[in-house]
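Only one structure is covered here, and it is reproduced in the block below.
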Amino acid sequence: MSVGRPVPHDSAELHVSGEALYCDDIPAPANTLHAAFGVSTIAHGRVRRLDLSRVLSAPGVVTLATPADIPGENNYGSVVHDDPIFAEGLVQYAGQPLFAVAATSYRAARKAASLAQVEYDELPAILDVRSALAAESYLMPSERIVRGKPHEMLAQAPHRQHGSVTMGGQDHFYLEGQIALALPQEGGGMLVHSSTQHPTEVQSIVAHALHVSAHAVSVQCRRMGGGFGGKESQAALIAAAAAVIARKTGRPTKLRLDRDADMIITGKRHDFAADFDVGFDDRGRILGLTVMLASRCGYSADLSAAVNGRALTHVDNAYFLEHVEVISHRCKTHTVSNTAFRGFGGPQAMVVIEHVIDDIARTLSLDPLDVRRANFYGIGERDTTYYGQKVEDNVIHDIADRLERSSRYRERRAEITTWNATQSVIKRGLALTPVKFGISFTATQFNQAGALVNVYTDGTVLLNHAGTEMGQGLHTKVAQVVASELGVPLSAIRISATDTSKVPNTSATAASSGSDLNGMAAQAAARTVRLRLVDYLCETHGVGPTDVKFADGNVTVGTRHMSFREVVATAYLARISLSSTGYYRTPKIFWDKVTMSGRPFFYFAYGAAVAEVAIDTLTGETQLLRVDILHDVGSSLNPAVDIGQVEGGFLQGVGWLTSEELYWNTRGQLRTHAPSTYKIPAASDWPAFANVALLERAPNREETIYRSKAVGEPPLMLAISVLHAIRDACAAAVPAGTEIDLPAPATPETVLRAITPLAPRVFA
Ligand code: MTE
Ligand code: HPA
Ligand code: MOS
């Protein structure tokens, strides 16, 4: 059976040979236009005059698109319709598209786009979270969850501490930037190739922009060169603008953002500021906690309600918080609209609670691991989250036990203490942090998927499902499921591009639930075909259903052996349908918006990491020396793909928390919009010693596809161990008891500031 085997990614060879088709590689018709956006240079203001005459007369330019050229709605916001495709009158961030220009070449379009003459009446701009909090500038109402009596418990607690936590955002830095190719079809139709995690949403937004029905628009995505959440909602902007030009000119139109444009125009991970007040006992057990979370949403709603909703339900991470209040503010700023990013608000909330735990440990002079353990959810007691979901699948004790042993945590702690006592320049730090992450879309309705399985008479199978491939190996896993269901080799299955005309009304491939949802839907589709074949064989051979077995490309009927190919060929002649759709929706989940409680997650995914770092106290540079990871994926559908997700997610998290710094100047212009100024991890940042393992013999207790667990996002949060190892090393560089003010990302500058708190802020 192919499920459970470490088969390579189905496009691995195509990726390395360069044969894999990304949107930009799809051969475009000869008359294709190339488009580029012209954008606002100010953060907030009214456009007094927009003179595009120089743009239009530039070499190669064919046409322009402004709001007047949009036949339907000038919007790409999916939840709240507050995202204009082209800003009209009011501009709300530096980088906001004002128009698009279409030319005969990509270079010509980009050059022309910069020739617009724009005059603005500038308005005051709110640029960051703290300024937005002070001005009570919110995009949507704040939300709050309370359990127990946190304020009373705080007042009574033997120890009490308050503080603040800040962490930056993160650019998605997918290798393939945002892109779409729109091809006008007969009778007002439009075919769009889009690099999108959400073809159905692109279809709907393009249809609204063009003022046509959904059935007139088809959206296809063979693969993305990475999405990471950045192509969940915002791919629609690029697709809609391309489609508007294609409609206006009747010519195929490609809109591709280069790296700088992509970073300036599209949203990122929300940066957060948080305040906390915690009361605890002598062992470090939390007795009462209040947390204020505030995130920078940017100028529009986008997915911010859901992102902050997930943050609101992840302040516990793996810890039981009996008396707690969490408040979430969704700040409106005059910056790009922030969006989904691997973890979707969860990582930010988890950084906050890990900071709280670390502070408690430092106050009590305890090993942070012991404080973490003292607060873990119990098994059979202390096991209900503050939003009312029972934690039934708790494996965090087991993971922490195993990892503590396999990483030699205690011995290395002692070694590091000795090192730090004798070395004055290089200090080392160690931290073990846990992960517990809720799996399911927080918006219950998105937890559904469909699939289409076509079996051809030569015994091969074409598979289509609602999910998109962004490198995470979803297609490989779903193909494994179908191969196993039909008892055929994996080579018999081919997956075609995700296509709204094949499987309709799909959800975004997001919330890590791609294989949970589409694996089940595809299994259901394949099962329908298999059961039809079983019925047919029972009838023709006079056997019962249990006498029919599908395995290894063969079908056994009683004592007779046939090839799968023979069976489907004869079934076709007997007029048995060899094609079926399948459908799945996640059971058990619900959420009450009024009481802010329910069971938002089907289950939890767990993991833990031990990181060891060294910091140079003269330069602030840090190095990740070693990481040990133990991660829970239930019964893995594909251990090779899963290990890849764990390693990639972890390192992406390390980038977020240590080196990827987004910097906006006082005018609200992003100054870090290329790899020259924005540092993502490179291969050389992978630690010399890395032990990455999957938790074995730990099937999902819920009935997921082959008892597997989602793996896409949770490993990112393993990187919090690195931030805390750095904090630990910083603590060794300052006199005991010194408060360590280390925001994320922990760049060399912030590390230096943290260990020289009294020094002048030369880097500010
Ligand atoms: N892995 C790769 N290689 N590229 C990506 O873009 N996106 C991540 C994760 N892993 C991503 C990735 C995010 S944000 C999510 S939600 C999941 O994959 C989505 O896919 P899945 O649901 O199939 O795991
Ligand atoms: N995760 C990712 N994307 C989403 C979610 C979620 O929980 N809810 C809506 N879109
Ligand atoms: Mo992932 S942030 O849910 O696309």
Side-chain angles (χ1 to χ4, degrees), residues 9 11-12 15 78-79 170 172-176 195-198 201 221 223-235 267-270 301-314 338-348 437-447 449 465-478 481 498 506-520 522 586 589 591 600-602 605 633 637-638 641-653 656 704-705 708-717:
H9 191 286
S11 298
H15 289 156
S78 61
V79 185
Q170 185 176 23
H172 300 86
F173 224 102
Y174 21 59
L175 288 182
E176 177 209 35
S195 182
T196 175
Q197 293 172 241
H198 202 343
E201 191 167 293
C221 176
R223 63 171 62 75
M224 285 161 272
F228 305 114
K231 296 171 182 172
E232 181 171 342
S233 60
Q234 303 205 354
K268 304 163 200 322
R269 183 188 292 288
H270 294 64
D302 188 83
L303 298 167
S304 287
V307 168
N308 286 281
R310 186 169 279 274
L312 195 57
T313 53
H314 279 75
N338 284 330
T339 192
F341 196 135
R342 208 169 193 169
F344 206 74
Q348 292 93 321
F437 190 79
I439 301 300
S440 292
F441 283 93
T442 48
T444 305
Q445 73 272 18
F446 297 139
N447 295 285
H465 61 83
T468 54
E469 176 64 42
M470 57 193 101
Q472 85 278 39
L474 175 61
H475 283 352
T476 311
K477 287 182 171 179
V478 180
V481 167
T498 311
T506 61
S507 298
T509 306
S512 303
S513 48
S515 51
D516 282 14
L517 299 173
N518 297 289
M520 282 295 216
T586 313
I589 48 175
W591 182 250
F601 308 118
F602 190 27
V633 297
L637 289 172
N638 183 326
V641 164
D642 284 349
I643 291 274
Q645 285 291 294
V646 173
E647 293 181 346
F650 168 75
L651 200 60
Q652 189 168 44
W656 170 46
T704 51
I705 187 77
S708 64
K709 283 191 178 183
V711 69
E713 295 166 287
L716 181 125
M717 288 147 272

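Just so you know, ligand 1 is whichever comes first in the structure, and atom 1 is the first atom listed for that ligand. We use all heavy atoms of the structure for the numbers below, so side chains are in, but hydrogens, waters and symmetry mates are not. From a predicted model like this one, the values you see are computed outputs, not experimental measurements.
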Identity and distance of the protein heavy atom lying nearest atom 17 (C) of ligand 1: G712 CA, 4.0 Å
Which ligand 3 atoms, with their elements, are less than 4.0 angstrom from a heavy-atom of Q197? 4 (O)
When only distance counts, is R342 in polar contact with ligand 1, meaning an N/O pair under 3.5 Å? yes
Could you give the distance from CD (Q445) to CD1 (I589), rounded to the nearest 0.5 Å? 9.5 Å
Answer with yes or no after comparing the ring centroid distance for H314 and F601 against a 6.0 Å cut-off, counting only values under it. yes
Output the list of atoms in ligand 3 that are nearer than 4.0 Å to some heavy atom of F341, sorted by atom number. 2 (S)
Give a yes or no answer on whether the side chain of E201 reaches the backbone of S78 with a donor-acceptor pair at less than 3.5 Å. no
Proximity of A511 to ligand 1 by residue part, where a heavy atom lies under 4.0 Å: backbone
Taking atom types as modelled, is there a side-chain donor on S440 or T586 under 3.5 Å from an acceptor on the other? no
Distance to 0.1 Å, residue and atom name: give those for the protein heavy atom nearest to atom 3 (N) of ligand 2. E232 OE2, 2.9 Å
Mind checking the CD-CD spacing from Q652 to E647? Nearest 0.5 Å is all I need. 14.0 Å
Side-chain H-bond candidate by donor/acceptor type, S233 with D302, under 3.5 Å: yes
Evaluate the side-chain proximity of Q348 to W656: yes if any heavy-atom separation is below 4.5 Å, no if none is. yes
Go through the steps to decide whether K477 and D642 satisfy the test salt bridge (charged side-chain N to carboxylate O under 4.0 Å, His left out), and finish with yes or no. CA-CA 10 Å; K477 287 182 171 179; D642 284 349; 2.7 Å; yes
Per-atom contacts, ligand 3 versus E232 - under 4.0 Å to a heavy atom: 4 (O)
Once you restrict to heavy atoms under 4.0 Å, what part of A340 touches ligand 1? Side chain, backbone, both or neither. neither
Can you list the ligand 2 atoms lying under 4.0 Å from a non-hydrogen atom of A511? 1 (N), 2 (C), 6 (C)
What is the nearest protein non-hydrogen atom to atom 20 (O) of ligand 1, stated with its residue, atom name and distance? Q472 NE2, 3.0 Å
G471 heavy atoms, cut-off 4.0 Å: which ligand 1 atoms fall inside? 2 (C), 3 (N)
Q234 side chain to G267 main-chain N or O, any donor-acceptor pair under 3.5 Å? yes
Could you tell me if the side chain of L716 sits less than 4.5 Å from the side chain of F228, heavy atoms only? no
Within-cut-off N or O pair, A511 and ligand 3, under 3.5 Å: yes
Considering only the protein, which heavy-atom contact is closest to atom 1 (Mo) of ligand 3, and what is its distance? E713 OE2, 3.7 Å
Atom 15 (C) of ligand 1 has as its nearest protein heavy atom E713 CG, 4.0 Å
My understanding is that we take every heavy atom of each candidate and find the minimum distance to atom 7 (O) of ligand 2. Doing that for E713, Q445, R342, R310, which one comes out nearest? R310
For ligand 3 and S512, I'd like to know whether there is a polar contact (N/O to N/O, distance under 3.5 Å). no
Considering only heavy atoms of A510, which atoms of ligand 2 have at least one such atom less than 4.0 Å away? 2 (C), 3 (N)
Any N/O of G226 closer than 3.5 Å to an N/O of ligand 1? no
Within the structure, does G514 bring an N/O atom to less than 3.5 angstrom of an N/O atom in ligand 1? yes
Check whether any N or O atom of F228, backbone or side chain, sits under 3.5 Å from an N or O atom of ligand 1, and answer yes or no. yes
Does any N or O in the side chain of H465 come within less than 3.5 Å of the main-chain N or O of G467, such that one atom is a donor and the other an acceptor? yes
Atom indices of ligand 3 within 4.0 angstrom of A510 heavy atoms, with elements: 3 (O), 4 (O)
Quick one: pull up CD in E232 and OG1 in T509 and give me the separation to the nearest 0.5 Å. 9.0 Å
Only heavy atoms of G229, strictly under 4.0 Å: list the atoms of ligand 3 that pass. 2 (S), 4 (O)
Measuring from atom CZ of F344 to atom OG1 of T339, what distance do you get when rounded to the nearest 0.5 angstrom? 7.0 Å
Using distance alone, determine whether M470 and ligand 1 share an N or O pair under 3.5 Å. yes
Just by distance, do the side chain of E176 and the backbone of M224 share a donor-acceptor pair under 3.5 Å? no
Side chain H172, main chain R342, donor-acceptor under 3.5 Å: no
Should you measure from each heavy atom of G227, which atoms of ligand 1 turn up under 4.0 Å away? 5 (C), 6 (O)
So, do S515 and V481 sit near enough that their side-chain heavy atoms are less than 4.5 Å apart? no
Given Q645, Q197, E469, which one has a non-hydrogen atom that is nearest to atom 12 (C) of ligand 1? Q645
Using a 4.0 Å cutoff against the non-hydrogen atoms of A510, which atoms of ligand 1 qualify? 16 (S)
Only heavy atoms count here, so choose which of F341, F601, F344 is nearest to atom 2 (C) of ligand 2. F344
Is R342 close to ligand 3, meaning an N/O of one under 3.5 Å from an N/O of the other? no
